[in-house]
Amino acid sequence: MGTKVNRKVLKTLAYAATGALGLGAYTYYKSQNSVLQAAPKPANWLTELPSREAQVESLSTTPEFDILIIGGGATGAGCAVDAASRGLKTALVEKYDFSSGTSSRSTKLIHGGVRYLQKAIMQFDIEQYRMVKEALTERANLINIAPHLSYPFPIMLPVYKLWQIPYFWVGIKAYDVVAGRQLLKPSYFISKNTALELFPMLKKESLVGAIVYYDGQHNDARMNISLAMTAARLGANVANHVAVTELVHEEDEKGQKKVIGAKCVDKYTGKEFSVKAKAIINATGPYTDTIRKMDNEKIPNICQPSSGVHIVLPDYYSPQNMGLLDPSTSDGRVIFFLPWQKHTMAGTTDTPCALTDYPTPAEDDVNFIINEIKNYLNNDVQVRRGDILSAWSGIRPLVSDPNKADTQSLARNHIVHVSDSKLITIAGGKWTTYRHMAEETIDAAIEACGLKPKNECITKGLFLEGGHNWTPTSYIRLAQDFGIETEVAIHLSNTYGDQADKVAELSSLTGKRWPVVGVRLHQEFPYIDAEVKYAVKEYARSAVDVIARRTRMSFLNVLAADEALPKIVEIMASELKWSKQKQQEELEHAKEFLKREMGLNLKYQMKTTVPINFSKEEISTYIKRFRSLDKSNKGYITHKDLRAFFKESQEEIPEDELHLLITEVDTNKNGLIELDEFLQLMSALKTGAIGQSRFSKASSIKNKINTTRSGGGV
């Protein structure tokens with residue numbers, strides 16, 4: 001016991017010493033570093049965004065580019081912005097959609113890494129310290145250049161032991177000091193009562209206070225798309241849904257093999273073509289080794305994929321403007337519990353996994369997150385499995401550094417590697433540092449391939465698409481000028497920035513006195529029909545592009561996304577001239593995406609795996625309820641039965657809603673609701689395994705049964 005206490009004291013003193021040293025250096029740091037200022041719009045900024053068709057045509061016909069970037073995630077799109085802003089002729093291809101992989105499945109934080117700073121101090125690790133310092137500088141830059149998409153965000157660190165107060169306080173203050181003049185807002189200590197006022201759901205027992213510090217938060221997928229559109233505005237040829245099938249090589253005058261291009265296929269049209277470039281950049285995240293082996297099939301893998309699972313819960317699980325950090329979960333991982341887009345997000349896990357195009361949230365990871373957040377919430381908040389509205393997995397590309405002799409240990413930061421054939425690979429790192437990673441990568445390409453840029457890197461302070469003329473009150477003009485309801489106007493302004501008016505111009509009339517325009521895709525969300533039309537202009541070519549990245553509906557509520565799909569496909573079909581067959585294919589593909597990657601399958605699994613455990617009285621009540629629908633005593637309920645039931649109840653239920661009622665309960669997918677399926681659903685509702693059921697609510701119009709409610713989730 002004494003040894004443990006001594007260690008705690010030593011750690012506290014170590015933090016205090018570091019804090020004192022940092023404070024001593026703070027004044028000097030302030031004098032040497034000016035606050036980042038955003039740069040004006042470059043002279044070569046295109047006022048009109050080229051169409052996707054024009055982009056693909058240019059890719060396939062341009063004799064040679066300076067740089068071809070493979071991968072349209074945060075890093076790849078960042079490289080395209082950097083290269084194009086230096087005046088280099090730039091091309092980028094992405095086999096799915098911009099941000100379709102890891103970059104849209106993050107924890108939505110722009111952060112330096114508190115836990116990395118702790119390791120740097122406790123282990124006297126200068127590399128970790130530099131990584132944190134770099135990230136904090138980049139954090140400030142990203143919030144400056146995309147103010148409509150990112151913002152400072154407070155995170156609470158609850159303290160349950162008195163000795164932890166100085167320990168955590170000094171550590172968080174050191175985090176502030178390292179940020180220097182890029183500090184967002186200073187951290188502070190609060191009492192137990194204040195902590196509970198700010199975060200009423202917090203567990204009260206043993207709480208002695210809390211420390212609040214600031215990091216950044218953003219809409220990751222939209223940020224990524226803004227990067228891609230910024231690159232296009234700067235003259236880069238960028239195209240999603242274009243896959244690289246092969247790298248092209250030739251021998252130079254010395255007989256050395258050199259990569260000079262790539263064979264591509266437009267997955268949307270089927271068109272095949274080659275792209276030639278002086279430098280090829282591999283920015284494919286988890287697919288790093290796939291492209292590296294196209295260059296040299298004999299090289300060893302350097303990427304170790306790891307799955308990070310997140311879940312989304314209703315907004316009542318957290319206050320609107322305060323996150324929560326659990327620094328020491330049962331297995332040592334860190335869990336964040338954050339409000340995001342008017343919902344509550346929790347994650348993440350870190351589990352080794354196989355590389356796949358279709359990452360699926362594992363049941364064990366979902367249960368781990370639920371069990372951990374229970375430890376920090378008070379007993380009045382019953383954390384239910386059925387409250388989960390969506391769940392997803394992102395594959396984090398952990399990499400070893402091929403530049404070092406020890407290629408087995410994982411790199412703590414990103415790596416830039418130039419192969420013998422001049423393939424430049426950028427791998428590892430994190431969202432926050434994408435810009436610095438891109439700068440280093442383009443620098444490496446210029447040096448390795450003899451490129452001649454017109455200027456040095458200018459991306460520090462370079463505004464992204466939508467940020468130039470945006471202000472926090474821009475939404476008011478939208479509401480006034482277009483007759484859009486306030487919630488929708490705020491959403492459009494905070495998503496598209498100074499381009500929001502162009503989205504509003506595409507809005508349909510509602511046929512109401514107010515709002516005048518802006519037909520919602522789903523009543524629970526501020527997304528409107530105009531966004532689908534605008535998404536097509538921003539190169540969206542599948543329904544998944546819209547529900548997952550142009551809007552965030554599938555990440556926020558998978559059932560709502562499923563319900564909005566027909567309307568989204570209908571609008572896209574009108575814009576892109578889809579046939580009936582193509583529309584059906586898009587519906588089926590999007591539904592499969594929701595089931596496999598967004599947690600919809602978890603809903604069905606929970607309904608079928610929960611044991612039926614009722615008393616005799618409860619079973620009798622539920623059977624009567626079932627028979628009130630099955631009046632002809634067939635043993636199952638059909639679409640016709642439901643229609644008759646609602647007609648008798650004088651309830652107006654649209655046909656598509658009736659279809660959803662059947663689908664929700666019909667676990668064996670035979671188009672009928674049988675008694676065992678009905679009882680299984682009622683049992684899952686009672687135990688909280690699934691959320692409030694549409695079917696349960698509808699079938700109790702005349703037979704009110706008191707079932708335990710949940711959050712309407714998966």
Side-chain angles (χ1 to χ4, degrees), residues 71 73-75 95-97 99-109 111 113 115-116 220-221 224 283-291 301-313 325-326 329-338 340 345-373 385 388-400 409-414 427-432 434 544 548-549 552 554-556 558 592-603 605-606 713-714:
T75 305
K95 74 170 181 176
Y96 292 118
D97 187 25
S99 196
S100 59
T102 311
S103 296
S104 64
R105 306 179 190 220
S106 73
T107 310
K108 323 304 178 194
L109 288 177
H111 64 112
R115 67 185 187 277
Y116 297 125
D220 53 1
N224 197 154
T284 53
Y287 298 93
T288 292
D289 289 322
T290 302
I291 301 300
N301 290 343
I302 62 169
C303 186
Q304 297 183 24
S306 178
S307 170
V309 171
H310 293 81
I311 63 173
V312 170
L313 298 160
L325 167 64
D326 178 357
T329 61
S330 57
D331 68 353
R333 290 180 285 191
V334 171
I335 289 285
F336 286 97
F337 192 62
L338 309 168
W340 183 69
M345 184 182 65
T348 179
T349 59
D350 188 6
T351 309
C353 66
L355 180 61
T356 174
D357 287 348
Y358 314 108
T360 301
E363 186 72 39
D364 288 346
D365 286 335
V366 169
N367 289 333
F368 167 79
I369 295 172
I370 291 175
N371 291 332
E372 290 301 327
I373 61 178
R385 172 62 182 76
I388 298 176
L389 302 175
S390 67
W392 73 86
S393 169
I395 300 180
R396 184 185 177 195
L398 306 175
V399 293
S400 56
S409 59
L410 295 176
R412 296 171 179 175
N413 208 342
H414 62 272
K430 57 184 178 180
W431 234 117
T432 308
Y434 85 88
V544 173
R549 293 171 288 275
R552 306 312 307 273
S554 68
F555 281 80
L556 295 171
V558 68
E592 183 62 26
F593 166 78
L594 293 175
K595 290 177 184 177
R596 184 166 47 189
E597 299 184 50
M598 292 288 113
L600 190 56
N601 264 350
L602 294 176
K603 167 189 170 71
Q605 291 169 8
M606 290 306 298
V714 301

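Computed from a predicted structure; not experimentally measured.
- The main-chain N or O of Ala74 is found under 3.5 Å from a side-chain atom of Asn224 such that the two form a donor-acceptor pair.
- Proximity of a side-chain donor or acceptor of Arg105 to a complementary backbone N or O of Phe555 within less than 3.5 Å is not detected.
- Considering only heavy atoms from C-beta on, Leu389 stays 4.5 Å or farther from Leu313 through its side chain.
- Inter-residue side-chain proximity for Leu325 and Val334 is flagged as met; some heavy-atom pair is nearer than 4.5 Å.
- For the atom pair OG (Ser99) and CH2 (Trp431), the distance works out to 6.5 Å, reported to the nearest 0.5 Å.
- Separating the CD atom in Glu372 from the CZ atom in Phe337 is a distance of 12.5 Å, to the nearest 0.5 Å.
- Put simply, the side chain of Val558 does not reach to within 4.5 Å of the side chain of Trp392, judged on heavy atoms.
- Distance alone, capped at 3.5 Å, is enough to place a donor-acceptor pair between the Thr432 side chain and the His111 backbone.
- Scored by the ring pair (Phe, Tyr, Trp, His ring centres under 6.0 Å) test, Trp340 finds no partners at all (sequence neighbours excluded).
- Rounded to the nearest 0.5 Å, atoms OG1 (Thr349) and CG (Asn367) are 11.5 Å apart.
- Every residue meeting the side-chain hydrogen bond (donor to acceptor under 3.5 Å, both in side chains) condition with Arg549, not counting sequence neighbours, appears here in chain and number order: Asp97, Asp545.
- Not counting sequence neighbours, Thr360 has no partner by the side-chain hydrogen bond (donor to acceptor under 3.5 Å, both in side chains) test.
- Put simply, the side chain of Ile395 reaches to within 4.5 Å of the side chain of Thr356, judged on heavy atoms.
- Ser103 has its side chain out of reach of Tyr434: every pair of non-hydrogen atoms, C-beta onward, lies at least 4.5 Å apart.
- Applying the salt bridge (charged side-chain N to carboxylate O under 4.0 Å, His left out) test to residues at least two apart or on different chains, the pairs with a partner in residues 346-362 are Lys95-Asp357.
- Annotation: the span from Thr290 atom OG1 to Leu355 atom CG amounts to 5.5 Å, rounded to 0.5 Å.
- The shortest heavy-atom contact between Ser554 and Ala548 is OG-CA, 3.3 Å.
- For Thr107, the side-chain contact (heavy atoms from CB on, under 4.5 Å) test picks out Leu109, His310, Phe336, Leu338, Met345, Thr348, with sequence neighbours left out.
- Counting heavy atoms from C-beta on, the side chains of Pro286 and Thr102 come closer than 4.5 Å.
- Taken from CZ in Arg396 to SG in Cys303, the straight-line distance is 11.0 Å, to the nearest 0.5 Å.
- Put simply, the side chain of Asp220 gets close to the backbone of Ser106: a donor and an acceptor are under 3.5 Å apart.
- For Lys430, there are no side-chain hydrogen bond (donor to acceptor under 3.5 Å, both in side chains) partners at least two apart in sequence or on another chain.
- Asp289 meets the salt bridge (Lys or Arg N to Asp or Glu O under 4.0 Å) test with Arg292; sequence neighbours excluded.
- When the side-chain hydrogen bond (donor to acceptor under 3.5 Å, both in side chains) test is applied to Ser393, the partners found at least two apart in sequence or on another chain are Ser307.
- With hydrogens and angles ignored, the 3.5 Å screen pairs a side-chain donor or acceptor of Thr284 with a backbone N or O of Thr288.
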